[in-house]
Amino acid sequence: MADWMMAFRQNGRRAEIGRFLDFVYQDKNLSDFASRYHLLPSTVTASRTPAGGGLDKNDQQFLNALRGAQLYPVNDPSWVTVSDTIKRNIGRAVEPNGNPKGVLEDIAAQASQASKKQ
């Protein structure tokens with residue numbers, strides 16, 4: 001899951017927005033927010049510096065594993081179709097007498113077709 005924070009440059013509030021974002025992204029403030037809601041800090045410095053509070057052992061293990069993760073290609077326009085195909089078909093792989101290899105090959109073929117259409 002991801003959350004986004006956006007600010008817009010309209011209505012003559014650019015300086016105020018800048019000060020607010022500077023405040024939000026200070027290591028200590030990010031760390032306090034992350035700790036309060038059991039999240040990982042959203043910047044490298046907040047997770048590594050004493051001002052940011054550092055990470056506990058579980059969070060550090062998670063981050064180490066995350067470094068090697070391959071994330072969903074959410075920026076790929078075909079991802080919506082591919083994701084839907086996976087969700088609709090993956091259960092067939094574990095049905096009694098299911099064919100996991102066949103199901104995965106079918107999903108891969110449909111994903112390939114979706115990518116070509118884009």
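Starting from 1, each residue takes its place in the sequence as its number.
Contact between Leu21 and Ala7 at its shortest, heavy atoms only, is CD1-CB, 4.1 Å. Across every non-hydrogen atom of Tyr25 and Ser42, the tightest pair is CE2-OG, 3.9 Å. Nearest approach of Arg67 to Asn64, heavy atoms of both residues: NH1-OD1, 2.6 Å. Between Thr43 and Asp27, the shortest heavy-atom distance links the atoms OG1-OD1, 3.9 Å.
One N or O on the side chain of Ser115 and one on the backbone of Ala111 form a donor-acceptor pair closer than 3.5 Å. Of the possible polar contacts, one joining the Asp76 side chain to the Ser78 backbone as a donor-acceptor pair under 3.5 Å is found.
We find that Asp32 and Arg36 are not joined by a salt bridge, their nearest charged nitrogen and carboxylate oxygen being 4.0 Å or further apart.
To the nearest 0.5 Å, atom CD1 of residue Ile90 and atom OG1 of residue Thr85 are 11.0 Å apart.
At a cut-off of 3.5 Å, with distance as the only test, a side-chain donor of Asp106 or Gln110 sits close to an acceptor on the other residue.
Using a 4.5 Å cut-off on side-chain heavy atoms (C-beta onward), Thr81 and Gln113 make no contact.
Considering only residues two or more places apart in sequence or on other chains, Glu105 meets the side-chain contact (heavy atoms from CB on, under 4.5 Å) condition with Lys101. Remark: Val94 pairs with no residue by the side-chain contact (heavy atoms from CB on, under 4.5 Å) rule, at least two apart or across chains.
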